[in-house]
Amino acid sequence: MKYVDRLGTYSFKWDGLKKEFGEDGLLAMWVADMDFPSPDCVKEALHRYVDMPLGYFATPDSYFEAVAEWEKERHGYEIKKEWICVTPGIVPALHWAVRSLTAPGDSVMISTPVYYPFMNAVNNSEGRRLVKCDLKKTGTYYEMDYERFERDIVENNVKLYILCNPHNPVGRVWTADELRQTMDICKRHHVTVISDEIHQDLVNPKLGRKKVTTATVGDYDDMLITMAAASKSFNLAAVQNSFIIIPNEEMRRSFNDFLGKMSLDDVNGFGHIATEAALRHGAPWLDEVLDVIYGNFEYLKARFLDECPEVKISELEGTYLVWMDFGAFCSTQEEVKDLIQRRCRIAMDYGAWFGSEGGNAFARMNIATSRENVKEACDRIIGELKKN
Ligand SMILES: Cc1ncc(COP(=O)(O)O)c(C=O)c1O
């Protein structure tokens with residue numbers, strides 16, 4: 001897979017460093033996108049599209065069929081086309097779902113550390129209460145703490161839970177059993193669940209088991225929304241297209257009514273064209289990218305194990321985001337920042353952003369890039385830490 005130097009290509013990861021980190025010139029290993037070219041099938045479909053007049057877009061039935069086929073073939077999830085709502089990204093869909101499924105005063109729970117826009121979706125929805133339930137950490141391995149999970153739901157009268165499957169940033173691909181336990185607790189307490197499955201296709205081929213779609217582990221159609229997209233799998237974040245699967249008619253109506261009232265139900269042609277092309281023809285590209293990503297992970301893991309085992313690295317079951325514990329060297333976010341940004345000149349997501357107690361000594365590294373960049377990051381971090 002060819003590496004693309006994305007500086008000067010409108011890349012937020014590379015060209016937006018100053019905005020987020022206050023300076024340019026860092027090795028960019030933060031925002032979750034890839035430094036690889038888009039799949040040829042996507043480029044060809046978009047080229048064909050721009051050769052036509054770019055008037056208002058009508059979603060073809062073939063888009064819904066492609067999504068339904070992908071979910072069935074790749075993830076064993078059989079859906080009806082009419083269950084699919086299209087949004088310009090999962091983050092906006094999270095905001096809209098929180099607002100359309102809960103009322104001011106309701107509690108919404110997340111499992112921390114987790115992708116931080118989950119928190120914003122709750123905090124920015126007037127009057128909703130955020131409940132953070134930390135995952136249980138054993139060494140570098142994270143699990144659901146079901147006792148605490150249920151207790152937090154009951155004590156806070158939680159109405160909505162946002163699940164991340166696979167989990168960003170701890171890299172877990174939840175098992176069917178774990179998902180069933182989670183869903184059963186939610187069902188018992190009438191908690192609606194959003195399962196964010198944007199990383200669904202990014203699973204380590206060496207994991208030895210398939211990623212399981214939450215909706216397939218039991219009868220949860222009336223309490224579950226699945227959010228997925230081609231954007232992570234095929235590196236299409238800029239075209240902003242995601243598919244929100246809502247089997248329950250009432251829930252779907254309230255989600256769609258919300259969009260309709262805000263006049264947000266118009267769609268962007270580029271996203272649809274790119275997504276359909278990727279889902280129909282992109283599988284070989286995806287296989288190739290998975291080899292690169294998880295090859296990079298093996299490399300990084302071996303480097304730290306051999307040369308600096310004090311940095312603890314969580315296993316990357318899924319996603320391309322590596323959760324690294326610098327607790328042997330740092331205890332505050334400022335110290336991690338001093339190490340990673342000031343001394344190593346790398347941009348990574350700081351652990352403190354992900355909302356867990358005890359996450360301050362962590363940082364998250366995006367390894368969907370060249371082996372050279374991963375090697376450079378290892379050289380810089382290990383070199384700095386050896387000076388200590
Ligand atoms: C769990 C999770 N959900 C959603 C997103 C972003 O979704 P979108 O770009 O479709 O808004 C990300 C991006 O990293 C993510 O990790």
Engineer: Checking the side chain of Gln200 only, and the main-chain atoms of Asn165 only, is there a donor and an acceptor separated by less than 3.5 Å?
Structural biologist: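 Checking the backbone N and O of Asn165 against the side chain of Gln200, no donor-acceptor pair under 3.5 Å is found.
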Engineer: Yes or no on side chain to side chain contact (heavy atoms under 4.5 Å, CB included) for Met109 and Ile162, after CA distance, side-chain angles and deciding distance?
Structural biologist: CA-CA 6 Å; Met109 194 163 90; Ile162 310 177; over 6 Å; no
Engineer: When you check the side-chain N and O atoms of Thr319 and Asn168, is any donor under 3.5 Å from an acceptor?
Structural biologist: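 On atom types as modelled, these side chains do not qualify, holding no pair under 3.5 Å.
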Engineer: When you check the side-chain N and O atoms of Ser195 and Glu197, is any donor under 3.5 Å from an acceptor?
Structural biologist: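 Note: Ser195 and Glu197 side chains meet the donor-acceptor criterion.
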Engineer: Less than 4.0 angstrom from a charged side-chain N to a carboxylate O is my criterion; do Lys18 and Asp24 meet it?
Structural biologist: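 No.
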Engineer: Less than 3.5 Å apart, any donor N or O on the side chain of Thr332 or Asn360 sitting next to an acceptor on the other?
Structural biologist: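 No.
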Engineer: Shortest non-hydrogen contact from Ala228 to Ser242?
Structural biologist: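 Ala228 and Ser242 have their closest heavy atoms at O-CB, 3.3 Å.
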Engineer: Applying salt bridge (Lys or Arg N to Asp or Glu O under 4.0 Å) as the test, list every pair that has at least one member in residues 230-258; sequence neighbours left out.
Structural biologist: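 For residues 230-258, and leaving out neighbouring residues, the salt bridge (Lys or Arg N to Asp or Glu O under 4.0 Å) pairs sorted by first residue read Glu249-Arg253.
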Engineer: Aromatic contact between Trp83 and Phe243, with the criterion being ring centroids under 6.0 Å apart: yes or no?
Structural biologist: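 No; Phe243 has its ring centre 6.0 Å or more from that of Trp83.
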Engineer: What do the steps show when you test Ile346 against Ile381 for side chain to side chain contact (heavy atoms under 4.5 Å, CB included), and what is the final call?
Structural biologist: CA-CA 9 Å; Ile346 303 173; Ile381 297 172; 3.8 Å; yes
Engineer: Run the side chain to side chain contact (heavy atoms under 4.5 Å, CB included) check on Ile245 and Glu71 step by step: do they pass?
Structural biologist: CA-CA 10 Å; Ile245 304 166; Glu71 288 305 313; 4.1 Å; yes
Engineer: Go through the steps to decide whether Asn241 and Thr275 satisfy the test side chain to side chain donor-acceptor pair (under 3.5 Å), and finish with yes or no.
Structural biologist: CA-CA 7 Å; Asn241 183 279; Thr275 297; 3.2 Å; yes
Engineer: State plainly whether the residues Asp184 and Arg188 are in salt-bridge range, i.e. N to O under 4.0 Å.
Structural biologist: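 A salt bridge is absent here (no side-chain N lies under 4.0 Å from a carboxylate O).
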Engineer: Mind checking side chain to side chain contact (heavy atoms under 4.5 Å, CB included) for Arg209 and listing every partner two or more places apart, or none if nothing turns up?
Structural biologist: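 Testing Arg209 for side chain to side chain contact (heavy atoms under 4.5 Å, CB included), a comparison that skips the adjacent residues, returns Arg172, Val173, Thr175, Leu207, Glu317.
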Engineer: Considering residues at least two apart in sequence or located in another chain, which fulfil the side chain to side chain contact (heavy atoms under 4.5 Å, CB included) criterion with Ser125?
Structural biologist: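 In terms of side chain to side chain contact (heavy atoms under 4.5 Å, CB included), with neighbours along the sequence ignored, Ser125 is linked to Val98, Arg99, Arg128.
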Engineer: May I ask you to decide if the ring planes of Phe57 and His272 are parallel, tilted or perpendicular, using 30° and 60° as cut-offs?
Structural biologist: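 Tilted: the ring planes of Phe57 and His272 meet at 30° to 60°.
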Engineer: I need the Met223 CE to Thr192 OG1 distance, nearest 0.5 Å.
Structural biologist: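 Met223 atom CE to Thr192 atom OG1 measures 7.0 Å (nearest 0.5 Å).
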Engineer: So, Lys2 side chain and Val4 main chain: donor-acceptor pair closer than 3.5 Å or not?
Structural biologist: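 No: the side chain of Lys2 does not pair with the backbone of Val4.
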Engineer: Less than 4.0 Å between a side-chain N and a carboxylate O, is that true for Glu143 and Lys137?
Structural biologist: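 Looking at Glu143 together with Lys137, the answer is no, because their closest N to O distance does not fall below 4.0 Å.
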Engineer: With sequence neighbours left out, what residues match Arg148 under salt bridge (charged side-chain N to carboxylate O under 4.0 Å, His left out)?
Structural biologist: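 Partners of Arg148 by the salt bridge (charged side-chain N to carboxylate O under 4.0 Å, His left out) criterion, ordered by chain and then number, come out as Asp152.
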Engineer: Could you give the distance from CD1 (Ile244) to CD1 (Ile194), rounded to the nearest 0.5 Å?
Structural biologist: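 It is 9.0 Å, given to the nearest 0.5 Å.
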Engineer: Does either side chain, that of Thr140 or that of Ser314, offer a donor lying less than 3.5 Å from an acceptor on the other one?
Structural biologist: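 Ser314 and Thr140 do not have a side-chain donor-acceptor pair below 3.5 Å.
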Engineer: Is it the case that the side chains of Asn248 and Asp222 hold a donor-acceptor pair, with the cut-off being a distance below 3.5 Å and no angle test?
Structural biologist: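 Yes, side-chain donor-acceptor contact under 3.5 Å.
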Engineer: In Å, rounded to the nearest 0.5 Å, how long is the span from NE2 of His75 to OG1 of Thr213?
Structural biologist: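 OG1 of Thr213 is found 5.5 Å from NE2 of His75.
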Engineer: Donor-acceptor pair, distance only, cut-off 3.5 Å: does the side chain of Asn156 make one with the backbone of Val158?
Structural biologist: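 Judged by distance alone, no pair lies under 3.5 Å.
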Engineer: Work out which heavy atom in Ile367 is nearest to a heavy atom in Ile293; give both atom names and the distance.
Structural biologist: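 The pair with the smallest heavy-atom distance is CD1-O, 3.4 Å.
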Engineer: Of Arg343, Arg345, Arg342, which is the lone residue that meets salt bridge (Lys or Arg N to Asp or Glu O under 4.0 Å) with Glu384?
Structural biologist: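 Testing each of Arg343, Arg345, Arg342 against Glu384, the sole residue satisfying salt bridge (Lys or Arg N to Asp or Glu O under 4.0 Å) is Arg343.
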Engineer: Any luck finding a side-chain donor-acceptor pair between Thr369 and Asn373 under 3.5 Å?
Structural biologist: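 Per modelled atom types, Thr369 and Asn373 side chains form a pair under 3.5 Å.
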Engineer: Any side-chain heavy atom of Phe149 within less than 4.5 Å of one from Tyr161?
Structural biologist: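 A side-chain contact exists here, since the closest heavy-atom pair is under 4.5 Å.
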Engineer: Check the orientation of Tyr320 and His199. Use parallel for under 30°, tilted for 30 to 60°, and perpendicular for over 60°.
Structural biologist: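 The rings of Tyr320 and His199 stand perpendicular, inter-plane angle above 60°.
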Engineer: Hey, are Arg364 and Asp349 close enough for a salt bridge, meaning a charged N less than 4.0 Å from a carboxylate O?
Structural biologist: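 So Arg364 pairs with Asp349 through a salt bridge.
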Engineer: Quick one: which residue pairs count as a ring-ring contact (aromatic ring centres under 6.0 Å, His included) with a foot in residues 290-318, not counting sequence neighbours?
Structural biologist: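 Counting only pairs at least two positions apart or across chains, no ring-ring contact (aromatic ring centres under 6.0 Å, His included) contact touches residues 290-318.
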Engineer: Given Phe36 and Tyr3, is the ring pair (Phe, Tyr, Trp, His ring centres under 6.0 Å) satisfied, shown in steps?
Structural biologist: CA-CA 5 Å; Phe36 304 127; Tyr3 169 72; 7.4 Å; no
Engineer: Can you tell whether the side chains of Asp35 and Lys13 come within less than 4.0 Å, N to carboxylate O?
Structural biologist: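 The answer is yes: the pair qualifies as a salt bridge.
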Engineer: Evaluate whether atom NZ of Lys43 has more than 12 neighbouring non-hydrogen atoms of other residues, nucleotides or ligands under 6.0 angstrom away.
Structural biologist: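 Enclosed: over 12 neighbouring heavy atoms sit under 6.0 Å from NZ of Lys43.
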Engineer: Is there a donor-acceptor contact under 3.5 Å from the side chain of Asn204 to the main chain of Leu316?
Structural biologist: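 Yes; judged by distance alone, with no hydrogens or angles, the pair exists.
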Engineer: Determine yes or no for a side-chain-to-main-chain donor-acceptor pair under 3.5 angstrom, with Ser11 supplying the side chain and Leu7 the backbone.
Structural biologist: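 Side chain of Ser11 to backbone of Leu7, a donor-acceptor pair under 3.5 Å: no, none is there.
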Engineer: Within the side chain of Asn366, is there an N or O that forms a donor-acceptor pair under 3.5 Å with the backbone of Leu321?
Structural biologist: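 Looks like no, no N/O pair under 3.5 Å.
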Engineer: Going from OG1 on Thr226 to CD1 on Ile84, what distance comes out if it is rounded to the nearest 0.5 angstrom?
Structural biologist: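 Those atoms lie 11.0 Å apart.
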Engineer: Quick one: CG on Leu224 to CD1 on Ile246, what's the gap to the nearest 0.5 Å?
Structural biologist: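 With rounding to 0.5 Å, CG (Leu224) is 10.0 Å from CD1 (Ile246).
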Engineer: If you look only at pairs with a residue in residues 352-384, which of them pass as a ring-ring contact (aromatic ring centres under 6.0 Å, His included), with sequence neighbours excluded?
Structural biologist: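 Listed by first then second residue: Tyr116-Trp353, Tyr116-Phe354, Trp323-Phe354, Trp323-Phe362, Tyr350-Trp353.
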